[in-house]
Amino acid sequence: MPRRSQGPPRLCRHPNGQACVYVRGQARYLGRYGSPDADRKYRDFVVAWASGRVDEATGATRPAEPQAAITVAMAAIKFYEWAKARYRAPDGSPTGEAESLRIAIRPLRLMFGPLPLEHFSPNRLRELRASLVKAGLARSTINRTVGRVRQFVRWCVGNELV
């Protein structure tokens, strides 16, 4: 049995001028050698190879499984669970910060709960801020709420939910 190489198949130049990779002795053509399209196709191939989506027997690439889009509401629940565990006093008792975060995230959940998290943008944050102003809240309350929503978004990015 031949041993498997340590890395992905290398990008080669076929005698016909095409860029290709060899899988099990079969050439897979990617386009004209040196073209941006061939480079992009090779990068896509390497990603598929690294994630195990390249069939070793045939060299065919299987499509990636679609992932369910996480919504703002689902991310808010995860964020609150994290905050309950994170914000603790030295003796282990909960502080009030997790509850403050939950209250600050509530308007976000109500306005954008079913929205996929990846579609939450700075313009949506401006909409949220405008709704808080319209509700007649004090400037300090609005600023504190928007800051906590920004903390939520940073947490989501840091935990690769987006």
Discussion item. Using every non-hydrogen atom in the two residues, find where Thr95 and Ala89 come nearest and quote the distance to one decimal.
Written reply: CG2-N, 3.6 Å

Discussion item. For a quick check under 3.5 Å, do Ser93 and Asp91 share a side-chain donor-acceptor pair by atom type?
Written reply: yes

Discussion item. Does anything in residues 99-116 form a side chain to side chain donor-acceptor pair (under 3.5 Å)? List the pairs, not counting sequence neighbours.
Written reply: Tyr80-Glu99, Glu99-Arg102

Fill in: Residue pair His14, Tyr22: steps toward the side-chain contact (heavy atoms from CB on, under 4.5 Å) verdict
CA-CA 10 Å; His14 195 270; Tyr22 289 96; 3.4 Å; yes

Worksheet entry | Salt-bridge present (Lys84, Glu81; N to O < 4.0 Å) | yes

Response to the item:
Nearest heavy-atom approach of Ala104 to Val149 is O-CG2, 4.0 Å

Discussion item. Looking at every non-hydrogen atom in both residues, tell me the closest pair between Ala19 and Ala38 and how far apart they are.
Written reply: CB-CB, 3.9 Å

Discussion item. Determine whether Arg43 and Asp39 satisfy the following criterion, salt bridge (charged side-chain N to carboxylate O under 4.0 Å, His left out), listing intermediate values before the conclusion.
Written reply: CA-CA 6 Å; Arg43 282 193 306 273; Asp39 293 339; 5.4 Å; no

Discussion item. Measuring only between side-chain heavy atoms, which start at C-beta, is Asn16 closer than 4.5 Å to Tyr29?
Written reply: yes

Worksheet item: Looking only at heavy atoms, which two atoms of Arg129 and Ile142 are closest? And how far apart?
Response: CG-CG2, 3.9 Å

Worksheet item: Given side chains that start at C-beta, do those of Leu101 and Phe152 come closer than 4.5 Å, heavy atoms only?
Response: no

Practice prompt. Find out if a path of hydrophobic residues (ILVMFWY) with successive side-chain heavy-atom gaps under 4.5 Å connects Met111 to Ile105.
Written response: yes

Worksheet item: If you look at every heavy atom in Leu117 and Ala75, which pair is closest and at what distance?
Response: CD2-CB, 3.7 Å

Worksheet entry | Aromatic plane relationship, Trp155 with Trp82 - under 30° parallel, 30 to 60° tilted, over 60° perpendicular | tilted

Worksheet item: Is there a side-chain contact (heavy atoms from CB on, under 4.5 Å) between Leu128 and Phe112 once you walk through the steps?
Response: CA-CA 9 Å; Leu128 177 68; Phe112 303 110; 4.3 Å; yes

Discussion item. Do Arg150 and Leu125 make a side-chain contact, defined as non-hydrogen atoms from C-beta onward lying under 4.5 Å apart?
Written reply: yes

Worksheet entry | Atom CZ of Arg88 with >12 non-hydrogen neighbours under 6.0 angstrom | yes

Practice prompt. Any chance you could lay out the side-chain contact (heavy atoms from CB on, under 4.5 Å) test for Leu137 and Thr145, step after step, and finish with the verdict?
Written response: CA-CA 10 Å; Leu137 297 176; Thr145 300; 5.6 Å; no

Worksheet item: Would a 4.5 Å heavy-atom cut-off, applied to side chains only, mark Val157 and Arg154 as touching?
Response: no

Discussion item. Under a 4.0 Å threshold between the charged nitrogen and the carboxylate oxygen, would Asp37 count as salt-bridged to Lys41?
Written reply: yes

Discussion item. Just so I know, are the side chains of Leu115 and Arg124 near enough to count as touching, which here means a heavy-atom distance under 4.5 Å?
Written reply: yes

Worksheet item: Is any side-chain heavy atom of Val162 closer than 4.5 Å to a side-chain heavy atom of Val153?
Response: no

Discussion item. Using a strict threshold of under 4.0 Å (side-chain N to carboxylate O), is an ion pair present between Glu97 and Arg148?
Written reply: yes

